[in-house]
Structure formats: structure tokens, C-alpha cells
Amino acid sequence: MLIARKDETTRSVMSTAPMHPYLARELIARAERADEHWTRLAQMQPADQQIDAGRHMDHVNAGFLARAVADYGWPGVPLVGEVGARAAWRLALRADTRADVQQLASRLMYDAVERGTASLRQWAHLYDRYLANSGRPQLYGTQYRLGLDGPQRQAVSDPAGDLDARRAAVGLPPAGVALRRLRDRLAADPCFDAAGSVVLAGAA
């Protein structure tokens with residue numbers, strides 16, 4: 001398990017045009033359509049059919065991402081650019097109906113972090129998401145659920161132990177700071193949903 005590494009891709013990688021711009025465009029388009037759908041639903045009392053449509057979209061996008069990584073490996077910055085890499089990460093975050101895709105994505109993205117072509121902080125969110133969806137405690141405390149009193153952090157491994165140290169190792173702020181930021185952001189923008197579904201990714 002990677003616990004201490006600076007979260008940065010090399011500047012030369014980030015400044016290079018993506019090797020597969022058509023894949024980048026497709027990833028970005030899919031992530032943007034999903035963003036728009038979930039943001040629109042957050043502004044209303046959605047019908048079950050609208051929620052199901054969003055989940056179906058995320059499921060289809062997960063299938064597309066699975067095919068993309070089978071063909072190209074993880075869509076890191078050299079392959080699809082910084083925006084495309086973030087879009088791939090967002091599709092993986094939303095792949096809640098495809099535990100196999102989230103597991104594969106977290107493993108491949110971890111390898112990309114090791115190569116310096118993906119974001120360590122983003123990977124921490126994805127790995128936590130995969131753990132939470134697998135019914136296991138998360139490692140970095142990035143995943144929340146909306147409760148009666150606002151966002152509540154999902155179960156974390158050893159929460160009273162070295163959580164903040166684990167978070168610092170992947171470039172995340174202390175858990176308490178992140179929770180306050182998320183609450184502030186939700187208060188300022190009720191439509192904000194960092195993950196596009198009931199489970200929220202952390203604010204930092």
C-alpha cells in the first residue's frame with residue numbers, strides 16, 4: 001500500500017499533448033453528461049425513474065471505462081491529458097454498480113501514481129470508494145453519506161489512530177478540516193455532490 005508520496009505528475013508529462021485525444025474527448029464528454037444529470041437531480045425532488053436513469057448512465061460509463069483500460073491501461077495524463085485523466089477518475093468513482101471496475105481502476109490508477117502519471121489524492125478517494133462499496137472500512141476517510149445532520153463520514157479503519165497521518169501521506173488535509181469544508185460547501189451550494197450519487201467524496 002502506497003502511504004507516502006508527493007502528489008504530482010511530472011511537469012513534462014502535464015505539458016505534453018495527450019497521446020489519444022479522441023479517448024480524452026469521450027471520457028470528458030461522458031463525465032460532463034453525468035455531472036449535468038446528477039446536478040440537475042440535486043436541484044429537484046427527482047422521480048425514481050430519473051435516479052435510475054442516472055445509475056444506468058454510470059453503469060454504462062463504467063463499462064466504457066473497463067473497455068478503455070483493457071485497450072490502453074489506466075487513462076493517465078500522458079494518454080488523455082490532465083482533464084481527461086480527471087474525467088476517467090470521475091467515471092471510476094461513479095462505477096458503484098461495477099465493483100470489478102472500481103477494483104481494477106483503483107489498482108491501475110495506483111500503478112499510474114507510482115509512475116507519476118496520475119493524482120495520488122484522486123486515487124485515495126477512489127480506493128476509499130471501492131472499499132466502502134465493498135462493505136469494508138475506508139482507509140483515508142474521504143467518503144461520506146448524507147444524514148439528518150448533514151454529511152457523515154463512513155466507517156474508517158482505526159479512526160482514532162493514525163487517520164490524519166494516513167491522509168497527510170496522500171496529500172489530504174486533516175479529517176476534521178475536510179469535513180468542515182464539505183459542510184461549508186454544501187451549505188453554500190446545496191447542489192454540490194462531489195461524487196454524483198448518495199455517497200459523497202470528500203471536499204479535499
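One is the number of the first residue; the rest follow in order along the sequence. Being a predicted model, the structure only gives us computed values, none of them experimental.
In this structure, Val177 and Arg181 have side chains that are in contact, with non-hydrogen atoms separated by less than 4.5 Å. You'll find the side chain of Arg166 reaches within 4.5 Å of the side chain of Val156, heavy atoms only. Proximity of Val170 to Tyr140: side-chain heavy atoms (C-beta onward) are separated by under 4.5 Å at one or more points. Between Gln103 and Asp100 the shortest side-chain heavy-atom distance does not fall below 4.5 Å. Between Arg167 and Pro173 the shortest side-chain heavy-atom distance falls below 4.5 Å. Contact annotation: the side chain of Ser157 never approaches that of Gln138 to less than 4.5 Å [non-hydrogen atoms, C-beta and beyond]. A heavy-atom distance below 4.5 Å is found between the side chains of Leu65 and Val69. Side chains of Leu23 and Leu79 form a contact here, defined as non-hydrogen atoms less than 4.5 Å apart.
The local environment of CG in Asp149 is sparse, with at most 12 non-hydrogen atoms from other residues, nucleotides or ligands closer than 6.0 Å.
Connection of Val83 to Val77 is not established within any shared hydrophobic cluster, with ILVMFWY side chains joined at heavy-atom distances below 4.5 Å, either directly or through further cluster members. Under the 4.5 Å side-chain heavy-atom criterion for grouping Ile, Leu, Val, Met, Phe, Trp and Tyr, Met57 is not connected to Val101 through any hydrophobic cluster. By the criterion of side-chain heavy atoms lying less than 4.5 angstrom apart, applied directly or through intervening Ile, Leu, Val, Met, Phe, Trp or Tyr residues, Leu104 is grouped together with Tyr110 in one hydrophobic cluster.
Aromatic ring pairs are classed by plane angle as parallel below 30°, tilted from 30° to 60° and perpendicular above 60°; the pair Tyr127 and Tyr130 is tilted. Ring orientation note: the planes of Tyr72 and His20 are tilted relative to one another, at an angle of 30° to 60°.
Of all heavy-atom pairs spanning Ala88 and Leu27, the tightest one is CB-CD1, 4.1 Å. Taking every heavy atom of both residues into account, Ala92 and Trp74 meet most closely at CB-CH2, 4.2 Å. Here the closest heavy-atom approach between residue Ala124 and residue Leu172 is recorded as CB-CD1, 4.3 Å. Contact record, Leu182 with Pro151: CD2-CB, 3.8 Å, taken as the closest heavy-atom pair.
Checked by atom type and distance alone, the side chain of Trp123 never pairs as donor or acceptor with a backbone atom of Val113 at under 3.5 Å. Under the 3.5 Å distance criterion, the side-chain polar atoms of Thr39 are left unmatched by any main-chain donor or acceptor of Glu36. Between the side chain of Thr117 and the main chain of Ala112, a donor-acceptor pair closer than 3.5 Å is present. Between the side chain of His37 and the backbone N or O of Ile51 there is no donor-acceptor pair closer than 3.5 Å. Between the Arg136 side chain and the Leu131 main chain, no donor and acceptor come within less than 3.5 Å of each other. Although no hydrogens or angles enter the test, the distance criterion places a donor-acceptor pair under 3.5 Å between the side chain of Gln102 and the main chain of Leu93. Judged purely by atom type and a 3.5 angstrom limit, Asp164 uses its side chain to pair as donor or acceptor with the backbone of Ala175.
Using a cut-off of 4.0 Å between Lys/Arg side-chain N and Asp/Glu carboxylate O, Asp35 and Arg30 are scored as not salt-bridged. Between Arg98 and Asp58 no salt bridge is recorded (no basic side-chain N to carboxylate O distance below 4.0 Å). Look at Glu82 and Arg86 and you find no salt bridge, because none of the NZ, NE, NH1 or NH2 atoms lies under 4.0 Å from a carboxylate O. Taking a cutoff of 4.0 Å between a charged side-chain nitrogen and a carboxylate oxygen, Asp96 and Arg55 do not qualify as a salt bridge.
His125 contributes atom NE2, which lies 14.5 Å from atom OG of Ser106 (distance to the nearest 0.5 angstrom). Interatomic distance, CD of Gln154 versus OH of Tyr144, reported as 10.5 Å (0.5 Å rounding). From Glu114, atom CD reaches atom CG of Leu120 across 9.5 Å, with rounding to the nearest 0.5 Å. Annotation: the span from Leu126 atom CG to Arg90 atom CZ amounts to 12.0 Å, rounded to 0.5 Å. Here the CZ atom belonging to Arg180 is positioned 8.5 Å from the CG atom belonging to Asp184, to the nearest 0.5 angstrom.
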Please determine whether side chain to side chain contact (heavy atoms under 4.5 Å, CB included) holds for the pair His56 and Asp52, giving the CA-CA distance in whole Å, both sets of side-chain angles, and the decisive distance to 0.1 Å.
CA-CA 6 Å; His56 177 71; Asp52 289 344; over 6 Å; no

Stepwise side chain to side chain donor-acceptor pair (under 3.5 Å) test for Gln143 and Arg129
CA-CA 6 Å; Gln143 302 298 301; Arg129 182 78 164 219; 3.3 Å; yes

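Every residue two or more places apart in sequence or in another chain was checked for a side chain to side chain donor-acceptor pair (under 3.5 Å) with Arg25, and none qualifies.
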